[in-house]
S.K.: 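Could you have a look at this structure, given as structure tokens, before my questions?
Index from 1, following the sequence.
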Amino acid sequence: MPDQARTIYAHAREAPFGRTLFVSGQFGVAPDGRMRAEFAEQLGQAMANVEALLAAAGMVLADVRKATFILTRTDDLCALERVRQTRWASKAPAAVTVLVAAALVRADALVEIEVTAVRCPKLGDRSDLLGDHAAGLLVRIARWARGFAGACGRPVNRVNEQGDWLLRDLGLERSDVQSPAERLDELRRKMPFQ
């Protein structure tokens, strides 16, 4: 891949657990309903339309994992690359497909953009955290269980290493986890009747 394209192009982009937004094809139609005349104007407006839909969903360009650009003229490919390099450059660019079609649904449309975005919740983000966090924990527990099952028949210290791996993966230390006997003692102390 040429160096000048590295910030605007990727062969693949992973989409971890999170909210997914599918933005259907956006033309260079302004909010007042008018179609821009020139390719660069249509492209800029179509990008603005995508950005507005992302913002309405609480997302940003960095959340875009896949983008598809459909052009009607091959002569506009260089202009597309220039605009993308200045407007949508990123350290983690989206996977991109560029197609040239004979025509789009609107006869006056020169470009159409569709994107797929994934918003991953952060620990401080309350939106959908429980569902996504629980799903992530289930995946890690399943991965640990496969490792634990593979550890059967191995020396005990190997099983302990697997347990330590799970704790690290969950962001815990061994001192943060009580043994079953310690938990039982704590529950007994908290019971109102003894």
Side-chain angles (χ1 to χ4, degrees), residues 1-129 131-136 138-140 142-143:
M1 172 183 338
D3 286 340
Q4 66 269 23
R6 288 194 189 280
T7 61
I8 61 165
Y9 180 82
H11 285 282
R13 177 106 186 259
E14 181 181 5
F17 290 110
R19 286 187 312 115
T20 303
L21 177 69
F22 299 94
V23 177
S24 64
Q26 297 298 303
F27 294 121
V29 177
D32 64 7
R34 290 183 299 133
M35 176 71 81
R36 305 293 186 178
E38 299 298 320
F39 175 80
E41 295 171 333
Q42 284 192 23
L43 178 60
Q45 185 61 57
M47 290 174 136
N49 295 345
V50 168
E51 292 163 357
L53 291 167
L54 290 169
M59 296 185 176
V60 295
L61 284 173
D63 297 322
V64 174
R65 304 293 193 238
K66 174 75 173 93
T68 302
F69 295 84
I70 306 167
L71 312 179
T72 59
R73 305 180 307 209
T74 56
D75 294 346
D76 294 326
L77 287 168
C78 290
L80 171 65
E81 183 178 337
R82 274 193 310 276
V83 173
R84 283 184 49 231
Q85 279 183 327
T86 57
R87 187 162 177 172
W88 281 10
S90 170
K91 290 182 181 178
V96 174
T97 299
V98 178
L99 304 170
V100 179
L104 296 172
V105 172
R106 283 190 61 158
D108 57 345
L110 302 174
V111 62
E112 182 176 344
I113 305 170
E114 66 178 40
V115 302
T116 302
V118 178
R119 179 72 171 181
C120 302
K122 295 177 177 53
L123 289 178
D125 185 3
R126 300 305 299 170
S127 62
D128 298 333
L129 180 61
D132 292 333
H133 186 63
L138 288 175
V139 167
R140 288 187 285 202
R143 198 168 60 205

S.K.: Check whether any side-chain heavy atom of Phe69 lies under 4.5 Å from a side-chain heavy atom of Leu43, and answer yes or no.
M.R.: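 The answer is yes; the side chains approach within 4.5 Å.
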S.K.: What distance do Thr97 atom OG1 and Glu114 atom CD have between them, rounded to the nearest 0.5 Å?
M.R.: 9.0 Å
S.K.: Output all residues satisfying salt bridge (charged side-chain N to carboxylate O under 4.0 Å, His left out) with Arg82, sequence neighbours left out; order by chain, then residue number.
M.R.: none
S.K.: Looking only at non-hydrogen atoms, find the nearest pair between Met59 and Ala117 and report the distance.
M.R.: SD-CB, 3.6 Å
S.K.: Between Gln42 and Val111, which heavy-atom pair has the shortest distance, and what is it?
M.R.: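 Shortest heavy-atom separation between Gln42 and Val111 comes out as OE1-N, 3.6 Å.
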S.K.: Please give me the minimum heavy-atom distance between Arg73 and Leu110, naming the atom from each residue.
M.R.: NH2-CD1, 3.7 Å
S.K.: Scan residues 38-62 for pairs that pass salt bridge (charged side-chain N to carboxylate O under 4.0 Å, His left out), counting only residues two or more places apart or in two chains.
M.R.: Glu51-Arg87
S.K.: Could you go through Thr116 and Val23, starting from their C-alpha distance and side-chain angles, then the distance that decides it, and tell me whether this counts as side chain to side chain contact (heavy atoms under 4.5 Å, CB included)?
M.R.: CA-CA 6 Å; Thr116 302; Val23 177; over 6 Å; no
S.K.: Using modelled atom types and a 3.5 Å cut-off, is there a donor and acceptor pairing between side-chain atoms of Asn49 and backbone atoms of Val29?
M.R.: yes
S.K.: Tell me, do Phe27 and Ile113 make a side-chain contact under 4.5 Å, heavy atoms counted?
M.R.: no
S.K.: Go through the steps for Leu71 and Leu77 under the test side chain to side chain contact (heavy atoms under 4.5 Å, CB included), then give the verdict.
M.R.: CA-CA 8 Å; Leu71 312 179; Leu77 287 168; 3.4 Å; yes
S.K.: Indicate the atoms forming the closest heavy-atom contact of Thr72 with Ala109, along with that distance.
M.R.: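 Reported closest heavy-atom pair: CG2-O, 3.6 Å.
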S.K.: Restricting to non-hydrogen atoms, name the atom on Met35 and the atom on Gly28 that form the minimum distance, rounded to 0.1 Å.
M.R.: SD-O, 3.6 Å
S.K.: Just to verify, what does Asp75 make a salt bridge (charged side-chain N to carboxylate O under 4.0 Å, His left out) with, not counting sequence neighbours?
M.R.: none
S.K.: Testing the basics here: between Met47 and Arg84, what is the closest heavy-atom pair and its distance to 0.1 Å?
M.R.: CE-CG, 3.8 Å
S.K.: Evaluate the criterion side chain to side chain contact (heavy atoms under 4.5 Å, CB included) for residue pair Trp88 and Val96; output intermediate values, then yes/no.
M.R.: CA-CA 12 Å; Trp88 281 10; Val96 174; over 6 Å; no
S.K.: Donor-acceptor pair, distance only, cut-off 3.5 Å: does the side chain of Arg106 make one with the backbone of Ala103?
M.R.: no
S.K.: Can you tell me which residue among Arg36, Gln26, Arg34 is in a side-chain hydrogen bond (donor to acceptor under 3.5 Å, both in side chains) with Gln45?
M.R.: Arg36
S.K.: Identify which one of Leu21, Leu54, Val60, Thr20 satisfies the side-chain contact (heavy atoms from CB on, under 4.5 Å) criterion when paired with Arg119.
M.R.: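 Single side-chain contact (heavy atoms from CB on, under 4.5 Å) partner of Arg119 among Leu21, Leu54, Val60, Thr20: Val60.
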S.K.: Using side chain to side chain contact (heavy atoms under 4.5 Å, CB included), reason through Val98 and Glu81 one step at a time and then give a plain yes or no.
M.R.: CA-CA 10 Å; Val98 178; Glu81 183 178 337; over 6 Å; no
